[in-house]
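Written out below as structure tokens is the structure these notes cover.
Heavy-atom basis, side chains included; hydrogens, waters and symmetry copies ignored.
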Amino acid sequence: MARFGINTEKAYGVGNTALMPFGKTLGRNHERALDLWRTGIREARLLALFTEEPARVSPDQAREMTGDFDSWEIVDHASDLFVAAGHLDELVPEFAADDREFVRRTAFAMIAWAAVHLKKRDDADFIALLPMIETHATDPRNFVKKAVNWALRQIGKRSMDCHGPALALAEKLASSQDKTARWIGKDAVRELSDPKRIAMIGQKKTAANRQRILGKL
């Protein structure tokens, strides 16, 4: 686990392949999730994230939790929870502006999760996040730059309407004089320019793609 950047200071070493199915047998319980989180133990905190009740997670609770973040693994699962709790619009700008590495990662992990799971949101909402991605594309810290790259690629793969603006930003970053921005851009361009990937994006059952098809009939 340590080799993959997971904090093992307070960990038993139980993998997610065992934790996630176990979490499903427990069911969701807000009070228990809070107690599990407070232990500070990796496995307990993951079970807290897997079994929390999203509707009962407030923005203030999310803010408090970010102060405990010490691993990208915890961040990414918490980001999924925060998106499910409905806090994308309120927390992403705030977390992106926070200079703490794992808190800033949370902002872009939330964008990545939301681009995949919030299928009813307008594509314009995600295109509007591209300037934020550009702003933080020069943050060289490993867990931030990878999340920024992840967010950019997920927006680009959301729909054909998102693909064009995301690819344009990726190409701009790829030609940047900044080493980190250039890496983020080149990696995103490689995926978003792939013909097979573009074909898959065009076949997605999204409102924008349906309108595009109707317009050609």
Is a salt bridge present between [X] and [Y], judged by a nitrogen-to-oxygen distance below 4.0 Å?
X	Y	value
Arg38	Asp35	yes
Asp125	Lys120	no
Asp68	Arg45	yes
Arg63	Glu90	yes

Does [X] reach the side chain of [Y], with side-chain heavy atoms less than 4.5 Å apart?
X	Y	answer
Thr106	Asp76	no
Leu47	Arg32	no
Val75	Val103	no
Lys157	Glu191	yes
Val92	Met132	yes

For the hydrophobic clusters of this structure (ILVMFWY residues joined by side-chain heavy atoms under 4.5 Å, transitively), does one cluster hold both [X] and [Y]?
X	Y	value
Leu19	Leu26	yes
Phe82	Val116	no
Ile41	Leu49	yes
Leu167	Ile127	no
Leu169	Val189	no

Examine distances only and state if a side-chain atom of [X] and a backbone atom of [Y] form a donor-acceptor pair shorter than 3.5 Å.
X	Y	answer
Arg56	His30	no
Arg182	Ala174	no
Asp122	Ala124	no

Spatial distance of atom CE (Met20) from atom CG (Leu46) [nearest 0.5 Å]: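 So the CE of Met20 and the CG of Leu46 are separated by 9.0 Å.
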
Gln154 CD to Asn149 CG distance, which is reported to the nearest 0.5 Å: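 Gln154 atom CD to Asn149 atom CG measures 9.5 Å (nearest 0.5 Å).
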
Side-chain cluster (under 4.5 Å, hydrophobic types only) that Leu34 belongs to, other residues: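 Traced through the cluster, Leu34 reaches no other member.
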
Asp123/Ser159 under side chain to side chain donor-acceptor pair (under 3.5 Å): CA gap, chis, key distance, verdict: CA-CA 8 Å; Asp123 287 341; Ser159 71; 2.6 Å; yes

Sequence neighbours excluded - ring pair (Phe, Tyr, Trp, His ring centres under 6.0 Å) pairs with any residue from residues 144-182: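 Ring pair (Phe, Tyr, Trp, His ring centres under 6.0 Å) check on residues 144-182 returns Trp113-Trp150.
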
Pairs satisfying salt bridge (Lys or Arg N to Asp or Glu O under 4.0 Å), at least one member in residues 129-142, at least two apart: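 Passing the test, one end in residues 129-142: Asp99-Arg141, Arg104-Asp139, Glu134-Lys172, Asp139-Arg141.
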
